[in-house]
Structure formats: C-alpha cells, structure tokens
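A quick write-up on the structure given underneath.
All ligand and atom numbering here is 1-based and tracks the order in the structure.
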Amino acid sequence: MDSAETTIFRALDAFRVEIPSWGFANTGTRFGKFTQLAAAATTEEKFSDAAQVHRLTGVCPTVALHVLWDFPEGVNSAKSVAGLAAQYGIQPGSINPNLFQDQIYKHGSFGNPDPEVRKQALQHTIDSIEIANKLHSRDISMWFADGSNYPGTANIRRRKKWFEGALRETHNRLYSNQRLLVEYKPFEPAFYHTDIADWGMAMHLAQTAGPQAKVLVDTGHHYQSQNIEQIVAWLLSEQMLGGFHFNDRRYADDDLTIGSIDPYQVFRIFHEILYYEWETQSRADIAYMIDQSHNLKGKIEETIQTVTVAQQLFAKAALVNHEALSQAQERCDLIAAESLLQDAFNTDVRPAIQQWRDSKGLPRDPLKAFLESGYLEQITKERSARNAQILSSYA
Ligand code: RM4
Ligand code: MN
Ligand code: MN
C-alpha cells in the first residue's frame, strides 16, 4: 500500500454517516407527492431499508429518527423502536423533536407569543430527551420552523428571549451524555424572518443554553454563494460544531444529493475539519448526518449513492498534505497552497475505496450489489398495493 492508500484507509475507518429514517419514506414537494411503490411507510420498514444500506456500505450504523413520524405514541413508542433496532442491527441515532407540524405551531413553537404553546413545545422536547435516553441516543437535534411572514408582525427581541429561556430549560433536562444540537435556516417556511436564521444566532443560543449544546450545520441552509467552510472553521475554532445535515442545493434548501451540484464545496468543508484535526492533533466530535429528500430517485439506491459520494469526498480531503499546506500558507505561497487542495480533489480515490471495501468484506460496488440482491423487487411486491394509495403524512 502506498501512503495515499494508507491515508484513505485511515480516513474511511474513521468515517461514519447517519442516514435519516425519513429518507426512505414517500416525500414530495409542497405541490404534491409522487409515490414510489417501494417506499417505506412504517418505522419497521425504515429500519429494514436502513439496514440494507449499512450491510452494503458498512458505514451507516445509525439512523436519525423523527419523533412525530417514528414515535407516534411518544415515549411509549421507544420500546418498540428499541426492538426494531435490535432486530435489524441498526442503532437509533439523533432524535429530532417535531415542533412544526402540529396546528398549535401556526405562529411558532418556542417563539410563540402564547405561553401555553411554548409550554407544550417544551414538554414535547423534554419527552424527546426521554426517548433519546431510553434508546441510548446522544444527540437531540432541534430544527425550528419559527419565524414570521410579514414585517412588523413579530416581536423579534421577545422571541429571542423566549428561545433563550426554552433552550436553557431544555439543556437543564439533558442527561450528562447527551448533546443538544441547534440547527439554523435563513428562510422557509417563514419568508420574512426566521428566529434562528444563521450560525451566529444558533451559536449564541447554544452558548446561552449550556456546555452540552452545539451548532448543527445543514449545508442547504445557507444563502447562495455563502462560504460554508469558513463557518465550519469558525465553529471548530470555538468548539461549537456539533454536527452536519448534508445535502446539496442549487437554489434554496433543495435537499439534493450531496455533491451533485458542488462537490468541491463538500470537499472544502471536509478539508477544514481534517486540517483542524491535524493542527490540534485531536478528533473533532462531529455527527455526520444526511438530510435529503429523494422524491424522484429510488430511496435506498439514492442513499447508497449519497454515502458513496460522501466517502469519496472525505477520502479526497484526507489526501491534502497538511504539513506542506501549513508551510505554504506560512510563506504566502498561494499557488502551492491552492494546488495542494486541487491535487487532492482531483485524485481518483475510487480504486483505493474499493480496496478498503475488499478489506472489510464489503461489496466493491454497493449499489450494484443492492440491485442484484433482490431486496428491491421483494419490497416493491410487498409494499406496492399500499403505496399506490395516496398517503397523507409527509414522511
Ligand atoms: C428542515 C430541516 C430539518 C428537517 C426538516 C424536516 O428543512 O433541514 O433538519 O428535520 O426540514
Ligand atoms: Mn436539516
Ligand atoms: Mn432543510
């Protein structure tokens, strides 16, 4: 093995990525839903599909769960989900409270002017912490749809205070091994202001909440042309980067496949993380998660494709010669420094990744192996009658 292969092997050994349960369900756009006959409708089916992805890629041992969609009876559903985890050999990953779908959240959750709604939102969050505890999940991942649509309709400062208070109370309820991840998003579903609109607001709220709270960066939740890797570098520097939701975007929060539009950006993000790790000689404790909606591509195939691309971009980033880069930056040798990134990005890492899979007893081509496995035909047969009917819930 040459040194590049060794580097790639080491990088892939350390790389795990969480897949979302909702990625296997029928989802759509706000205009409608085209159902897929093989899509998962139950939590059991989601676990079963996630297990296929892990079996073939070897790097997706956990699945992110959404409280409303995967725990219809709240805490009481935790036991059956734990049973599914054991049955399918997939562990529950981050627990995502749902503070946006219920009718009471029309004007917000933690930012709602009605104290009764804020109380209910907090109770749901506390229940989610309990679910996470029962399932030995570490991360409670908070995304808020809170915001307003028209100037003057919301007291932005008051809502900020309510958020600070509720997140502090949430933090107080965390078990010592748990983390609270605060996600931000500049717009949608609210189109005038969003209560946690950017990384600065998320970091402020996380720091106000307490030491177990960190920021979650969803790559799709940025304005066009925003320098996401710089945000990542700053959060790393502040020890405030808790996790990612990976997806790609062309226009807004498009939830497209990672790297399908701008693979170099994902590479640059990974590079900032690996450069930080090299410089500090420490592992950044970051939860890598996928948050994509595959309303047209086949869901399991798409998830395998996503994981494969993520591995490739991570492996490429690992190839940057950090020592040489640091020296080039020091002497302001711009061409040399930039070339180090370009050379790494342009390396074909696929043969080394195939060898790594070989060494783990994994199929060299996970997608091909999946298509030949017969699983897709089997679930299509089993699920098609039900899926042909229009489904009403989002996931
Ligand atoms: C949001 C955000 C959240 C996800 C919801 C469903 O855009 O990305 O992470 O849970 O969608
Ligand atoms: Mn997200
Ligand atoms: Mn999103």
Side-chain angles (χ1 to χ4, degrees), residues 17-30 33 40 43 46 62-71 92-102 105 108-111 121 124-125 128 131-132 137 139-147 179-191 194-199 201-202 205-206 213-224 226 228 231-232 235 241-258 260-261 266 269 286-295 299 303 306 310 391 393-395:
V17 61
E18 185 164 309
I19 48 182
S21 71
W22 55 95
F24 299 107
N26 267 320
T27 52
T29 68
R30 63 199 170 98
K33 215 192 249 186
T43 304
K46 293 172 189 171
T62 59
V63 63
L65 298 167
H66 229 286
V67 176
L68 218 57
W69 305 332
D70 297 314
F71 300 86
S94 63
I95 300 297
N96 296 251
N98 187 311
L99 298 174
F100 51 89
Q101 236 178 342
D102 206 288
Y105 299 131
S109 59
F110 283 3
H124 176 81
T125 308
S128 303
I131 289 174
S137 280
D139 292 336
I140 291 85
S141 221
M142 309 287 299
W143 173 71
F144 298 91
D146 287 57
R179 302 191 307 172
L180 183 67
L181 301 184
V182 183
E183 186 172 354
Y184 57 92
K185 177 166 175 166
F187 66 90
E188 192 201 39
F191 289 107
T194 294
D195 283 292
I196 312 182
D198 65 24
W199 71 277
M201 298 179 200
L205 289 170
K214 304 284 172 199
V215 176
L216 186 142
V217 177
D218 183 313
T219 45
H221 293 190
H222 299 89
Y223 289 115
Q224 200 84 284
Q226 205 162 353
I228 302 175
I231 294 172
V232 167
L235 289 172
L241 181 60
F244 280 96
H245 276 178
F246 277 119
N247 51 65
D248 213 338
R249 75 195 291 281
R250 180 65 183 83
Y251 301 101
D253 186 23
D254 307 332
D255 284 345
L256 300 176
T257 308
I258 186 173
S260 60
I261 303 295
V266 186
I269 290 172
I286 302 167
Y288 294 118
M289 293 176 262
I290 302 293
D291 186 8
Q292 295 174 176
S293 169
H294 326 303
N295 57 329
K299 284 147 204 310
T303 309
T306 295
L391 299 168
S393 107
Y394 178 73

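Taking the six-membered ring for Trp and the full ring otherwise, the centers of His124 and Phe71 sit at least 6.0 Å from each other.
If you number the atoms of ligand 1 from 1 as listed, the ones under 4.0 Å from a heavy atom of Asp253 come out as 7 (O). Near His66, meaning under 4.0 Å from one of its heavy atoms, ligand 1 places the atoms 10 (O). Counting the atoms of ligand 1 from 1 in the order shown, those under 4.0 Å from a heavy atom of Asp218 are 8 (O). Near Lys185, meaning under 4.0 Å from any of its heavy atoms, are these atoms of ligand 1: 7 (O). Within the listing of ligand 1, atoms 9 (O) sit less than 4.0 angstrom from a heavy atom of His245.
Looking at residues two or more places apart in sequence or on another chain, you find a ring-ring contact (aromatic ring centres under 6.0 Å, His included) between His222 and Tyr184. Applying the side chain to side chain contact (heavy atoms under 4.5 Å, CB included) criterion to Ile286, with sequence neighbours excluded, gives Leu236, Leu241, Phe244, Ile273, Ala284, Tyr288. When the side chain to side chain contact (heavy atoms under 4.5 Å, CB included) test is applied to Tyr223, the partners found at least two apart in sequence or on another chain are Pro186, Phe187, Gln226.
Nearest heavy-atom pair across Ser94 and Ser141 is CB-CB, 4.4 Å. In terms of heavy atoms, Met289 sits closest to Leu181 at CE-CD1, 4.0 Å. A pairwise comparison of heavy atoms in Ile261 and Arg250 identifies CG2-CD, 3.8 Å as the closest pair.
Only the side chain of His221 comes within 4.0 Å of ligand 1, judged by heavy-atom distances.
The option with the heavy atom closest to atom 8 (O) of ligand 1, from among Asp291, Asn98, Leu216, is Asp291. With distances taken over non-hydrogen atoms, the option nearest atom 1 (C) of ligand 1 out of Trp22, Tyr184, Phe144, Trp143 is Trp143.
In terms of N/O distances under 3.5 Å, ligand 1 is approached by Glu183. Checked against a 3.5 angstrom limit, the closest N/O atoms of Asn96 and ligand 1 fall outside it.
Interatomic distance, OG1 of Thr27 versus CD of Gln292, reported as 11.0 Å (0.5 Å rounding).
Note on the Mn ion (ligand 3): protein N/O/S atoms under 2.8 Å are His221 NE2, Asp253 OD2.
Judged purely by distance below 3.5 Å, without hydrogens or angles, the side chains of Asn247 and Asp254 never pair a donor atom with an acceptor atom.
In this structure the side chain of Trp199 reaches within 4.5 angstrom of the side chain of Leu235, judged on heavy atoms.
With Ile95 as reference, Val67 is the one residue of Asp70, Asp139, Val67 to meet the side chain to side chain contact (heavy atoms under 4.5 Å, CB included) rule.
Nearest N/O/S atom of Glu183 with respect to the Mn ion (ligand 2) is recorded as OE2.
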